[in-house]
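To keep things clear, I will list the structure first and then write my remarks on it.
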There are 2 protein chains.
Amino acid sequence: MSERPIQHRDAERTRAELLEVATSVFADSGYSGARIDEIARRTRTTKRMIYYYFGGKEQLYLAVLESVYRGIRDKEQTLQVEEMDPADSLRRLSEITYDHHMANEEFIRLVAIENIHRGRFIRQIDSLRDLSKPALGVLDTILDRGRDEGRFRTDVDALDVHLLISSYCVFQVANQYTFGYLFDRDLQAEDQRSHLRSMIGDVVVAWVTERT
Amino acid sequence: MSERPIQHRDAERTRAELLEVATSVFADSGYSGARIDEIARRTRTTKRMIYYYFGGKEQLYLAVLESVYRGIRDKEQTLQVEEMDPADSLRRLSEITYDHHMANEEFIRLVAIENIHRGRFIRQIDSLRDLSKPALGVLDTILDRGRDEGRFRTDVDALDVHLLISSYCVFQVANQYTFGYLFDRDLQAEDQRSHLRSMIGDVVVAWVTERT
DNA sequence: CCGCTAATGTAACATCCGGTACGTTCATAA
DNA sequence: TTATGAACGTACCGGATGTTACATTAGCGG
């Protein structure tokens, strides 16, 4: 038996592992449904460490929330919608958002869970507010360009567009199970993807494009 | 102390009261978060009766799910989108859907909860499938009319339109807490309502309207 | 090599919570 | 009136679950 040179007593590793597993368990089962014992069991450490590093179940959940939001925003900031035709930019942004949501079901689930709790936990993390608003900057730039070129309506707000795109993309992930069951359509199916992926861009562009 | 002539031993009333309170508690706290004791406490009967009438927590939750879905579909079927201009009909349908969702937060929350559970419970209630699909009939009729008049695109599916409208309306209720907090905009605020209410109709009409 | 402390493990505790055993009461029908 | 069963209440059980008291070990500075 080859003893792996496991780094024992690695505070950072232990903490990180707990956070990672906790993210997965909370996303799976919700706050009440998640079990401290299960989180511990799935790591290489014990329940005791959750209290040592986080203080308790609630603080662990808060740490999870903050970490996933930061992770998402970090990823978002690396995305670049290149300088191009404003309509194409909107399409591109829509597709990026779509892909992004599809690839981060765990995050969407945690957001849904947080909303079930009426935002009770997220309200305790002030730092997240400042993280979100800049996300509208790109959209604002695109809309400005389109308006300058006289091709976009002037009465459409960036936040409204964001709301529209978010709604669509979040729904496909968050409500896939009930929708899929009730209407017999698997929103995650490969053959649906390309259609659904391009659809929201069409919708947005059709909406913001000025008609004469 | 005037003894109210309460009807004791009224099986139907007891069952109904349990179901009503359970709906509220499950919508508030989720399946795991809901407490059998709390449900009982909020009724005029005892915990024992939950097991007498429903069998257990899970069966009670299933009964709640089925009853709210039936209630929603019943209400939907009484709605009539009158014969009028297809574009106006779409706007009207959008607004009806918007109002409907805003007025039924409890239902939206139960759907969200069910999706957190990946539809595990709803899949046990076959009867709900047949209840949902007819809801697309109205939409189909409107789209047909618009297409016949040569004013709507021919490649837009009723289910796609439904998906778009649902996404938008569900999101406003389901994600109001995180969205409201992160972007500092209360989606339920009175002054937002009229704008958000008319917006989705504009979006849909712009999208399905044929441009030449 | 020693001592100190951060990091970890063990084992239990106290409470919560879904579920049930058992007894009681009321309404109805014969 | 009485027998009977549906409807209801009480009190409790047993396991699950978040939390902690206490003991232990590894690793680092001196």
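The figures here come from the full heavy-atom set of this structure, side chains too, leaving out hydrogens, waters and symmetry mates. Every chain is numbered from 1, with letters handed out A, B, ... down the list of sequences.
In this structure, the CD1 atom of Ile50(A) is 14 Å from the C1' atom of dG9(C), given to the nearest Å. Whole-Å rounding puts the Phe54(B) CZ to dG19(C) P distance at 14 Å. Leu60(A) places its CG atom 15 Å from the C1' atom of dT17(D), with the value rounded to the nearest Å. In this structure, CZ of Arg44(A) is placed 11 Å from P of dG9(C), rounded to the nearest angstrom. Counting to the nearest Å, the C1' atom of dA21(C) and the CE atom of Met49(B) are 13 Å from each other. Here dG19(C) presents its P atom at 11 Å from CD1 of Ile39(B), a figure rounded to the nearest Å. What separates CD of Glu12(B) from C1' of dC8(D) is a distance of 17 Å, to the nearest Å. In this entry the distance linking CG of Asp37(A) with P of dG9(C) reads 15 Å, nearest Å.
Between the side chains of Arg193(B) and Gln188(B), at least one donor-acceptor pair of N or O atoms lies under 3.5 Å.
Out of dT8(C), dT17(D), dT19(D), the shortest distance to the side chain of Arg48(A) is found at dT8(C). Considering only the side chain of Ala11(B), dA7(D) comes nearest among dA7(D), dT10(C), dT17(D). Listed nucleotides: dG19(C), dA7(D), dA7(C). Nearest to the side chain of Arg9(A): dA7(C).
In this structure, Lys57(B) forms no cation-pi arrangement with Phe26(B), as its terminal cationic atom is not both closer than 6.0 Å to the ring centre and no more than 45° off the ring axis.
Not counting sequence neighbours, the partners of Glu17(A) by the salt bridge (charged side-chain N to carboxylate O under 4.0 Å, His left out) test are Arg13(A), Arg44(A).
Judged by distance alone, with hydrogens and angles left aside, Lys47(B) brings no side-chain donor or acceptor close enough to the base of dG9(D) to form a pair under 3.5 Å.
A donor-acceptor pair is defined here as one N or O able to donate and one able to accept, closer than 3.5 Å; such a pair exists between the side chain of Thr43(B) and the backbone of Ala40(B). A side-chain donor-acceptor contact under 3.5 Å links Thr141(B) to the backbone of Gly137(B).
For dT20(D), neither phosphate oxygen OP1 nor OP2 lies less than 4.0 angstrom from any side-chain nitrogen or oxygen of Tyr52(A). Phosphate proximity of dG18(C) to Arg35(B): present, with a side-chain N or O under 4.0 Å from OP1 or OP2. Residue Tyr51(B) places no side-chain N or O under 4.0 Å from the OP1 or OP2 atom of dT20(C).
Along DNA chain D, the nucleotide nearest to Gly33(A) and the one nearest to Thr45(B) differ in position, and the one closer to the 5' end is contacted by Thr45(B). Looking at which nucleotide of DNA chain D each of Glu58(A) and Thr14(B) is closest to, the 5′-most match is held by Thr14(B).
Counting non-hydrogen atoms under 4.0 angstrom, Ala34(A) reaches the backbone sugars and phosphates but no base.
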